[in-house]
Amino acid sequence: MTTTKAVLLLLLWTGLASAESGGSHEDSAGAAIAPLPPRHPNSLPEMQEMLIEMRELELKLEAVEDNNADLNNTLKQLQNINEESKVAFSVSFSVSSDIHIGPHDTDITLGFNHVFSNIGNAYSVRSGIFTAPVRGVYQFQYHIFAGGSHGAGAKLMKNGEQVAAAYNHKAPHDINTSQGLSLLLEKGDEVSLLLEAGWWVAAYQGHLTTFSGQLLFLM
Ligand SMILES: *[C@@H]1O[C@H](CO)[C@@H](O)[C@H](O)[C@H]1NC(C)=O
Ligand SMILES: *[C@@H]1O[C@H](CO)[C@@H](O)[C@H](O)[C@H]1NC(C)=O
């Protein structure tokens, strides 16, 4: 029984007791109880009516408590969603001089080590892999800058499979190429940029090559 219900029933009981003892407001134990409402049942029908009202109040109270618990749960869910939704990263290369990565004999995952932002820590600097923390639609963008002596670009990989690519053949001057798309990802899906064998990208101090991703919304 909740405290509120107990107080209501106690009030009823003291009301009945005082009605029996001719309207005195003192309870037998003499404890400090809130003063009685000025209404005392003087007849059996009145008493029955009061009991019915009490029962109705009790039911209403239960309904309010249930509703309160539901609202609490809903609030907790919304707070969780709000926290889970904060996923965004932007990375580049941190270097002490302007260099190129590649061309290599084999494909490699680009390991960006300069972090502009990594809200939610879903991008791993160690592995170069973004792991979706929740199911949702994510948007990715990357921009590749490189000198023109080799083909330059990168492939956007999802769980080891190519989803898209940005590429430019070797050129008389330098190369800029970019790509961006939205993907529905399951929790745990992995997204990364792959540098194919023979390609290269610039890792210049000015951060001309970047990789970004954001959770657009949960699904
Ligand atoms: C609702 O949540 C608040 C704070 O988290 C807690 O104090 C209260 O007891 C909860 N009420 C119900 C009905 O669960
Ligand atoms: C590529 O972009 C860089 C700046 O990001 C610029 O300096 C360069 O001229 C661009 N190259 C070409 C071929 O447009």
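In each ligand, atom 1 is the first atom listed, and ligand 1 is the first ligand listed. Fair warning: this is a prediction, and the values are worked out from it, not measured in the lab. Only heavy atoms go into these numbers, but all of them, side chains included; no hydrogens, no water, no symmetry mates.
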> Do F211 and F89 have their ring centres less than 6.0 Å from each other?
Replying inline: yes

>> Checking a contact table here: which protein heavy atom is nearest atom 9 (O) of ligand 2, and how many Å away?
In response: D174 OD1, 3.9 Å

> Counting N and O atoms only, with roles assigned by atom type, does the side chain of W200 sit under 3.5 Å from a partner on the main chain of G147, one being a donor and the other an acceptor?
Replying inline: yes

> Should one rank T177, N176, I144, T209 by closest heavy-atom distance to atom 14 (O) of ligand 2, which comes out on top?
Replying inline: N176

> Got the closest protein heavy atom to atom 7 (O) of ligand 2, with its distance?
Replying inline: F145 CE1, 4.9 Å

> For S92 and H114, does a side-chain donor sit closer than 3.5 Å to a side-chain acceptor?
Replying inline: no

>> Set out, in order, the CA-CA distance, both residues' side-chain angles and the distance that settles side-chain contact (heavy atoms from CB on, under 4.5 Å) for Q162 and L156, then state yes or no.
In response: CA-CA 6 Å; Q162 178 179 341; L156 186 80; over 6 Å; no

